[in-house]
2 protein chains.
Amino acid sequence: MPRHTDAREKMVTSAALLIREDGIAGTGFRDVVAHSGAPRGSIGHHFPGGKEELVSDAVRWAGAIATRAIARAAERGTTEDAVRTIVAIYRRSLTDTQFAAGCPVGTVAQEGHSNPALRAATKQVFDDWRAILFKSLKRDGWRAKEARRLADGAIAGIEGALMMARVDQSTTPLDHTEQILLGAVRRPG
Amino acid sequence: MPRHTDAREKMVTSAALLIREDGIAGTGFRDVVAHSGAPRGSIGHHFPGGKEELVSDAVRWAGAIATRAIARAAERGTTEDAVRTIVAIYRRSLTDTQFAAGCPVGTVAQEGHSNPALRAATKQVFDDWRAILFKSLKRDGWRAKEARRLADGAIAGIEGALMMARVDQSTTPLDHTEQILLGAVRRPG
DNA sequence: GTCTATACGAAGATAGAC
DNA sequence: GTCTATCTTCGTATAGAC
């Protein structure tokens, strides 16, 4: 079972951390090995699918962490709480890295959109997020059609705001977008 | 005046078209020369600053086109019209390319954020868009604070929706985000 | 100004020793 | 499993002929 080695897991998490800062092309196997402390010679062994396999797993790993946090927030509160949770996660990663780190999922979504395997991995994560927000919005009283719109708009807004925040080297675009989104998802009626 | 050669301009526009699909790393000088039909030997001559200069100019060129379109729409109508105009531009580029083409500015914003020159070029474009939307929102009756929020939220939403649309291979995320944004910028009171 | 040829480095993939 | 060495490809940058 080469799928659950320690070295392999370390490489996947390192890849996710590096990709959210430097992108796919900017993150070589060299960097991943150096960052993870994993043995150099085991790359081909653990990732027979090459870089595509490494990046896919990194997206799924990072996406799953965010998915769990959003789901937990949505279960305990309203959609506003879920939005606040997502934004807080990414605001934190921005400030922790002097605005170098964006969302690894969004990064791969853009840079890897022409690769079917990578596109599938990112789509799965976005679908998970959409499903959680949709369910939460319905519970808040929104109709299905409007809930679908708001879920897409919220994810799009946060991903786009992250992009702007890195360019501005400031959390302001993210803060502004959060305020707009909180106003939009507030319980209807 | 090596700044306004025909060959140079062709290379800049080709670079913008290629980058919006394949990103910075995915767009080599080879591709730009092949796509533009420009003479191979003139790269170093026209772009002494290398790829950084080519990409910066591509961002500015593509950004300026969008800026003009947005400004014109905002002058003639409300902010809703401006939003509709931006979204229409990018929806068109998605469908024209089978969802291969995103926004070249957003692509460089993500992939080139660690390069000061590229970050400056993208920031300039985003600042232009923000300024136009801010002015338009003020004219629609919004207070300055709210206008600033909405301008950031609109740009973030559209850029993020473009990313999602490419992953989904569908304009739906963009359509949904547009509807949310149109509701948000609607004249207050 | 334009071109060809090439230098130089970095990347991913691979083969074979231990 | 791990490692080293190498192959091949591809990128940018540059030098020098026309």
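Order of the sequence lines fixes the chain letters, A, B, ..., with proteins taken first and strands second; residue numbering starts at 1 for each chain.
Among C:dT4, C:dT2, D:dT2, the nucleotide with an atom closest to any side-chain atom of B:Arg40 is C:dT4. Nearest to the side chain of B:Lys51, among D:dT2, D:dG11, C:dA11, sits D:dG11.
Defined by atom type and a distance below 3.5 Å, a donor-acceptor pair is present between the side-chain atoms of A:Gln124 and A:Asp128. A donor-acceptor contact closer than 3.5 angstrom is absent between the side chains of B:Asp31 and B:Thr27.
Residues B:Thr171 and B:Phe99 meet the side-chain proximity criterion, which asks for heavy atoms closer than 4.5 Å.
The CE-P distance, from A:Met11 to D:dG1, rounds to 12 Å in whole Å.
By the 4.0 Å N-to-carboxylate-O rule, B:Glu146 lies close enough to B:Arg149 to be salt-bridged with it.
The shortest distance between the side-chain N/O atoms of A:His45 and the OP1/OP2 oxygens of D:dC3 is not below 4.0 Å. Proximity of B:His46 to the phosphate of C:dG1: no side-chain N or O atom is located under 4.0 Å from OP1 or OP2.
Of the residues in residues 15-31 of chain B, those lying under 4.0 Å from DNA chain D by heavy-atom distance are B:Thr27, B:Gly28, B:Phe29, B:Arg30.
When all heavy atoms of B:Ala74 and B:Ile132 are compared, the pair lying nearest together is CB-CG2, 3.9 Å. In this structure, A:Ala156 and B:Gly157 approach most closely via the heavy-atom pair CB-O, 3.6 Å.
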